[in-house]
K.L.:
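Quick one: the structure is below, questions incoming.
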Amino acid sequence: DTEVTQTPKHLVMGMTNKKSLKCEQHMGHRAMYWYKQKAKKPPELMFVYSYEKLSINESVPSRFSPECPNSSLLNLHLHALQPEDSALYLCASSQASLPDTQYFGPGTRLTVL
Amino acid sequence: GESVGLHLPTLSVQEGDNSIINCAYSNSASDYFIWYKQESGKGPQFIIDIRSNMDKRQGQRVTVLLNKTVKHLSLQIAATQPGDSAVYFCAEKRNYGQNFVFGPGTRLSVLP
């Protein structure tokens, strides 16, 4: 099983809402990632978790709050977002101990009104 | 041909021809590189990878070449098919942590 699943597929939220994005993998990977991708642009790294601990935060605003409850799950909590935060949010996972390919989920298409 | 401008660079090839997609990377300390294919509405899909101690790696219909001297990576697709139409990204792993940086991407259009 080389699948990373993400829910929901689409999300529309207002600027005062609180919502969460979810990501799950069962490949035994111990590194998990959140990326943001705007139209016609490459994915931009937001956060990296390694062995359930936050190892990289690419200066992401605090209105995005990641959480890794266990080795298979990764959440991204959203609060007080801005319209410019509308994008495709991608989750990925990989082996943590060696440089290794990342497997991506299909993404959540987020629209902030 | 290939065009670069305000839009995503696009490479148009005839079905059955070979495609070559290029990527320049910035960090000479990067030690691992991946090519991804991204179709509309989907997440990036792994195609092939190469480590910095190699110059060439071949997969099924794809070959990746790495030139560390000029910090250049290329993806060659043999006998390009309509299903190869997508945006292709190279990604480099910086030599610390698990920090992957993606290139700007190239849209491959396969003409019938």
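As a basis for the values below, the full set of heavy atoms in this structure was taken, side chains included, without hydrogen atoms, waters or symmetry mates.
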K.L.:
Evaluate the criterion side-chain contact (heavy atoms from CB on, under 4.5 Å) for residue pair A:Leu88 and B:Gln38; output intermediate values, then yes/no.
P.N.:
CA-CA 13 Å; A:Leu88 181 68; B:Gln38 188 173 24; 4.1 Å; yes

K.L.:
Non-hydrogen contacts under 4.5 angstrom with chain B: give the residues of residues 64-87 of chain A involved, or none if there are none.
P.N.:
none

K.L.:
Please collect all disulfide bond (SG atoms under 2.5 Å apart) contacts where either partner lies in residues 9-84 of chain B, sequence neighbours excluded, each pair once.
P.N.:
B:Cys23-B:Cys90

K.L.:
Decide if atom NZ of B:Lys68 counts as having more than 12 heavy atoms of other residues, nucleotides or ligands within a radius under 6.0 Å.
P.N.:
yes

K.L.:
Hey, is CE on B:Met54 packed in by over 12 heavy atoms from elsewhere, all under 6.0 Å?
P.N.:
yes

K.L.:
Atom OG1 of A:Thr101 and atom CD of B:Gln45: how far apart are they, to the nearest 0.5 Å?
P.N.:
10.5 Å

K.L.:
Do B:Leu75 and B:Leu65 sit in the same hydrophobic cluster, where Ile, Leu, Val, Met, Phe, Trp and Tyr count as joined when their side-chain heavy atoms come under 4.5 Å apart?
P.N.:
no

K.L.:
Given 3.5 Å as the limit, does a donor-acceptor pair link the side chain of A:Tyr103 with the main chain of B:Phe46, or not?
P.N.:
no

K.L.:
Under the salt bridge (charged side-chain N to carboxylate O under 4.0 Å, His left out) rule, what pairs show up with a residue in residues 73-92 of chain B, not counting sequence neighbours?
P.N.:
B:Arg61-B:Asp84, B:Glu92-B:Arg94

K.L.:
Side-chain heavy atoms under 4.5 angstrom apart, residues restricted to Ile, Leu, Val, Met, Phe, Trp, Tyr: same cluster for B:Trp35 and B:Val13?
P.N.:
yes

K.L.:
I need the B:Phe89 CZ to A:Lys41 NZ distance, nearest 0.5 Å.
P.N.:
10.5 Å

K.L.:
Measure from the ring center of A:Phe104 to the ring center of B:Tyr36 and say whether it is less than 6.0 Å.
P.N.:
yes

K.L.:
Using ring centroids (six-membered ring only for Trp), state whether A:Tyr35 and B:Phe102 fall under 6.0 Å.
P.N.:
yes

K.L.:
Would B:Leu108 and B:Leu111 show up in the same hydrophobic cluster when neighbours are defined by side-chain heavy atoms closer than 4.5 Å?
P.N.:
no

K.L.:
Which pairs, with at least one residue in residues 43-54 of chain A and sequence neighbours excluded, count as a salt bridge (charged side-chain N to carboxylate O under 4.0 Å, His left out)?
P.N.:
A:Arg30-A:Glu52

K.L.:
Between B:Gly103, B:Gly105, B:Gly41, B:Ala91, which shows the greatest number of heavy-atom pairs under 4.5 Å with chain A?
P.N.:
B:Gly103

K.L.:
Are there over 12 heavy-atom neighbours, none belonging to A:Lys38, within less than 6.0 Å of that residue's NZ?
P.N.:
yes

K.L.:
Compare every heavy atom of A:Leu90 with every heavy atom of B:Pro44, then report the nearest pair and how far apart it is.
P.N.:
CD-CD1, 3.8 Å

K.L.:
Test of understanding: clusters of I, L, V, M, F, W, Y form through side-chain heavy atoms closer than 4.5 Å, transitively. Do A:Val4 and A:Met32 belong to the same one?
P.N.:
no

